[in-house]
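Everything numeric in this text was worked out from a predicted model, so none of it was measured. Convention: sequence-line order gives letters A, B, ...; per-chain numbering from 1.
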Amino acid sequence: MATQFDKDDASLAVVVGSGAGGGTLATALAQAGIKTVVLEAGPRYEIEDFVNDEWEMFNKISWLDKRTTSGSWQVARDFPNLPAWIVKAVGGTSIHWAGASLRMQDHELKAASTYGDVKGANLLDWPITLADLEPYYAKAEARMGVTRTNDIPGLPGNNNFKVLKAGADKLGYKKCHSGRMAVNSQPRDGRNACQQIGFCLQGCKMGAKWSTLYAEIPKGEATGNLEVRPDAQVLTIEHDAQGKVSAVVYADKSGQLQRQKARIVAVAGNSIESPRLLLNSSSSTFPDGLANSSGQVGRNYMRHMTGSVYAIFERPVHMYRGTTMAGIVTDESVNAPNRGFVGGYEMETVALGLPFLAAFLQPGAWGRDFTSAMDSYDHMAGMWLVGEDMPQESNKVSLHASEKDKHGMAIPNVHYDDHANDLAMRAHAYERGRALYDAVGAVRTFPTPPYPSTHNLGTNRMSEKSDDGVVNKWGQAHDVENLFVSDGSQFTTGGAENPTLTIVALALRQADYIRDQMAKGAL
Amino acid sequence: MRLVDKRTRLSRRDFLATGGAAALVVGTGSLAAPSGAWSMEVTTLQPATMRTLIQVSRDIYPHDRLADHAYATALAPYDAASAEDVSLKQLLESGVTDLNAKTKAAHGVEYVQVGWEGQRVALLQSVETTEFFQKLRGDLLSGLYNNQAIWPKFGYEGASADKGGYLERGFDDIDWV
Ligand SMILES: Cc1cc2nc3c(=O)[nH]c(=O)nc-3n(C[C@H](O)[C@H](O)[C@H](O)COP(=O)(O)OP(=O)(O)OC[C@H]3O[C@@H](n4cnc5c(N)ncnc54)[C@H](O)[C@@H]3O)c2cc1C
Ligand code: SF4
């Protein structure tokens, strides 16, 4: 019988969201003996419910509640009500993620000192260094089974990778391999090895790819200290007279409001929902939203500089076969301002099925220019470009002035303007991507614009000083000692790397801190 | 490398069904390929409207190796949806009427009778920003490309978990790099 806690039990750690951050934190807390309840807005699916069908899975598990967009970013034009691709289900976006698991670099955690004064950028150094993170990166890699760490072999390269590698070699890139992937290249941790199915972004039918849904949460549940309550969307966080959080109010499956008491609350709804929840929890004590004395909640929204290059070759590639993102070139992820921008970017293999490629290759396009590209689908190779974007105070998640969701909670607006540095980096990355494919004989290449954001960061950022950010180096709110932020919204800056390994490392570090503070009676 | 067989796996009769919508036989409440290979009932939309939509769809996403049937399949849900939703019916019927009016003014015939693709595309460009065009284009994007029946034509194999993935079926069989 699964554990069920009482709603009036005020000794519980309450975690909002069960994705990479929340699912890991909750499991680690339960393993440390701390009674924990996870409130998850979405339903609980299992591996049996996954299908190898892009639109069916998208419609089944994405967060499709209305959001609005503004700003100069192309996503606002191409996908005005879909700023981000985020999952609403137990496991969160760790169901859909590709598995690329990279450590951030030392200089990236010191972005303000390294990059200096970048006009219009709200840069700050992280309050932690790589040395602080390293032990937790090691733990996260072991836990997630990241290839090329812990003596786990790399995945075999697929066709799409072989094209990338050939081009990288021709251009003289030195650091190209089949990736550090949280995908089993051999059976491990009770999970299967990858069968090269190729639907990594639709949920891994083999369970080879790490997801909190099946690689973390069941372990937490086995301790008897963890309850995961699906179909529970948290609407507000409440506090007591001392300004400490005391409960959360959520809507259950039937839309009824419920109140769950809490000893601590950890918010991990991903970088749009987490600030939305804090902003929606204003009170007379916290008139601008909970934990927002700095005014930084919702600000500094980052989504990485992204773009893709697809190339058509004379001969077939079949890019869709095999692990979607097992291929990387890291030579460009250095800080070399002589390229015309600060920070760097990664080049990673990516493949979309025919239905998604039609939607994303050139959004809005029609006619023969577009369809002749689709006709060459099986002759295409693809790469995704992902790099550091600049935090800007005006890029922000805010509450919509009038529109509400079905529970009466104000919907979020996501505003993003590309920074000049982002644009310069994207132009460089497109050019290098094209050059790479040209070197292997591409006959036609496409600069594909950004997809709805898959990496959402920075909206509750970590800072040394309480007036610069929302949380301290433990992800603990500067203003409210028993309130934590446990997802990518903590990121002070974004780095070039896919963020999830860092989210997991931070969650494990935070779990140790919470355990120690509770043991000391400080929480 | 293991290639995908792109040949049409249908009878010769069906194969002959490929062609412009102008050739479709319009009856009362139905449309049919001249060969009789396929037909389509329409109960809410005018058959002539559906015929025009099929041609417009091909002109929006022209794939010479796809039969009209692929476009008709993508459009078929509109008929039932229009029965439920008067504004959709209105949008489609008036969109086609307006397009035909524009076509008559320019060429003296209806849209499906304009024989040159370039001329039809120019007409579509002139309505590109209308709600009618954008709705049709958006719906086609999933209606057309999400139809499993046409995937082999593009060399896409679809679901693979049930076949054991590509581990033994060519995930790394590229032979030219
Ligand atoms: C297609 C795709 C591919 C990706 N590939 C990679 C990759 O290769 N490498 C990488 O590092 N990252 C990748 N990512 C990003 C990665 O998925 C995210 O960084 C990660 O999942 C974020 O973790 P999170 O805990 O912050 O949020 P999520 O995993 O999104 O989890 C948030 C959860 O909170 C729930 N929630 C939100 N609000 C509430 C509320 N008010 N009440 C209750 N529950 C709530 C949501 O329903 C959701 O389940 C990818 C993402 C996508 C979409
Ligand atoms: S390719 Fe591997 S990781 Fe991706 S879905 Fe298939 S088995 Fe899972």
Side-chain angles (χ1 to χ4, degrees), chain A residues 50-56 59 156-167 169 193-199 202 204-206 208 313-323 353-359 363-368 370-372 374-381 440-441, chain B residues 1-6 56-66 74 117-118 120-122 124-125 128-129 133-134 136-148 150-177:
Chain A
F50 299 168
V51 285
N52 279 184
D53 183 309
E54 292 179 312
W55 283 118
E56 186 178 341
N59 289 323
N158 67 354
N159 292 333
N160 202 19
F161 169 72
K162 288 183 172 180
V163 176
L164 182 86
K165 179 76 168 72
D169 289 349
C194 173
Q195 289 287 312
Q196 303 287 339
I197 291 171
F199 282 85
Q202 281 64 48
C204 177
K205 287 297 280 181
M206 301 302 298
F313 296 87
E314 200 188 326
R315 280 178 282 181
V317 178
H318 301 285
M319 65 174 172
Y320 57 86
R321 291 182 189 165
T323 328
L354 188 83
F356 268 17
L357 191 76
W366 60 279
R368 288 207 181 260
F370 170 74
T371 55
S372 64
M374 295 302 294
D375 280 332
S376 292
Y377 175 75
D378 52 349
H379 288 229
M380 257 185 211
V440 227
Chain B
M1 8 180 12
R2 187 175 63 78
L3 300 179
V4 180
D5 188 351
K6 296 181 182 174
V56 171
S57 300
R58 181 184 284 286
D59 293 334
I60 292 178
Y61 293 128
H63 289 290
D64 302 336
R65 287 174 293 161
L66 293 184
E117 179 182 309
R120 292 195 306 270
V121 168
L124 291 182
Q125 277 161 349
E128 190 178 10
T129 55
F133 183 92
Q134 287 303 330
L136 187 58
R137 192 197 60 74
D139 290 340
L140 270 178
L141 201 56
S142 50
L144 184 66
Y145 296 105
N146 206 28
N147 174 4
Q148 302 190 11
I150 69 165
W151 289 350
K153 292 270 178 200
F154 295 86
Y156 179 52
E157 297 172 85
S160 85
D162 54 327
K163 303 182 191 77
Y166 291 105
L167 190 58
E168 309 293 340
R169 297 189 315 123
F171 80 101
D172 64 347
D173 66 354
I174 195 165
D175 52 11
W176 56 267
V177 289

Distance-minimising heavy-atom pair for [X] and [Y]:
| X | Y | answer |
| --- | --- | --- |
| A/Pro355 | B/Trp151 | CG-CZ2, 3.5 Å |
| B/Pro62 | A/Arg368 | CG-CG, 3.5 Å |
| A/Lys205 | B/Ala161 | CG-CB, 3.7 Å |

Subject >> Main-chain N/O of B/Gly170 paired to A/Asn159 side chain as donor or acceptor, under 3.5 Å >> reply: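 Confirmed, A/Asn159 side chain pairs with B/Gly170 backbone.
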**OP:** Spell out, as yes or no, whether a donor-acceptor pair under 3.5 Å connects the side chain of A/Trp366 to the backbone of B/Asp59.
**Re:**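 Looks like no, no N/O pair under 3.5 Å.
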**OP:** May I ask you to decide if the ring planes of B/Trp176 and A/Phe313 are parallel, tilted or perpendicular, using 30° and 60° as cut-offs?
**Re:**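 Tilted: the ring planes of B/Trp176 and A/Phe313 meet at 30° to 60°.
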**OP:** Name the orientation class of the two ring planes belonging to B/Tyr61 and A/Phe370 (parallel below 30°, tilted from 30 to 60°, perpendicular beyond 60°).
**Re:**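 Plane angle between 30° and 60°, so tilted.
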**OP:** Decide side-chain contact (heavy atoms from CB on, under 4.5 Å) for B/Lys6 and A/Asp378; before the verdict, give the C-alpha distance in whole Å, the side-chain angles of both, and the deciding distance to 0.1 Å.
**Re:** CA-CA 11 Å; B/Lys6 296 181 182 174; A/Asp378 52 349; 2.8 Å; yes
Subject >> chain B contact via A/Lys162 - side chain, backbone, both or neither, heavy atoms under 4.5 Å >> reply: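 A/Lys162 touches chain B through backbone and side-chain heavy atoms alike.
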**OP:** Measure distances from A/Met374 to the heavy atoms of chain B and classify the residue's part below 4.5 Å as side chain, backbone, both or neither.
**Re:**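 Both the backbone and the side chain of A/Met374 come within 4.5 Å of chain B.
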Between atom [atom1] of [X] and atom [atom2] of [Y], what is the distance when rounded to the nearest 0.5 Å?
| X | Y | atom1 | atom2 | answer |
| --- | --- | --- | --- | --- |
| A/Asn158 | B/Leu167 | CG | CG | 11.5 Å |
| B/Tyr145 | A/Trp55 | OH | CH2 | 13.5 Å |
| B/Phe154 | A/Met380 | CZ | CE | 10.5 Å |
| A/Asp375 | B/Leu66 | CG | CG | 7.5 Å |
| A/Thr371 | B/Asp64 | OG1 | CG | 7.5 Å |

Could you check if a side-chain atom of [X] sits within less than 4.5 angstrom of a side-chain atom of [Y], using non-hydrogen atoms only?
| X | Y | result |
| --- | --- | --- |
| A/Tyr320 | B/Ser160 | no |
| B/Ile174 | A/Val163 | yes |
| B/Tyr166 | A/Ile197 | no |
| B/Met1 | A/Arg315 | no |
| B/Gln148 | A/Asp53 | yes |

Original post:
For the candidates A/Ala359, A/Ala166, A/Gly167, A/Ser372, which exhibits the highest count of non-hydrogen atom pairs separated by less than 4.5 Å from chain B?
Top reply: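 Most heavy-atom pairs under 4.5 Å with chain B: A/Ala359.
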Original post:
What residue in A/Gly367, A/Cys194, A/Gly322 has the most heavy-atom pairs under 4.5 Å with chain B?
Top reply: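 The option with the most such pairs is A/Gly367.
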Subject >> Pairs satisfying salt bridge (charged side-chain N to carboxylate O under 4.0 Å, His left out), at least one member in residues 159-177 of chain B, at least two apart >> reply: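 Found A/Arg321-B/Asp173.
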**OP:** For B/Arg2, enumerate each residue passing the side-chain hydrogen bond (donor to acceptor under 3.5 Å, both in side chains) test, keeping only those at least two apart in sequence or located in another chain.
**Re:**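 Testing B/Arg2 for side-chain hydrogen bond (donor to acceptor under 3.5 Å, both in side chains), a comparison that skips the adjacent residues, returns B/Glu157.
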**OP:** Name the region of B/Leu3, side chain, backbone, both or neither, that has any atom closer than 4.5 Å to a heavy atom of chain A.
**Re:**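 Both backbone and side chain of B/Leu3 come within 4.5 Å of chain A.
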Subject >> Region of B/Leu124 in contact with chain A, defined by heavy-atom distances below 4.5 Å >> reply: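 Contact with chain A is through both the backbone and side chain of B/Leu124.
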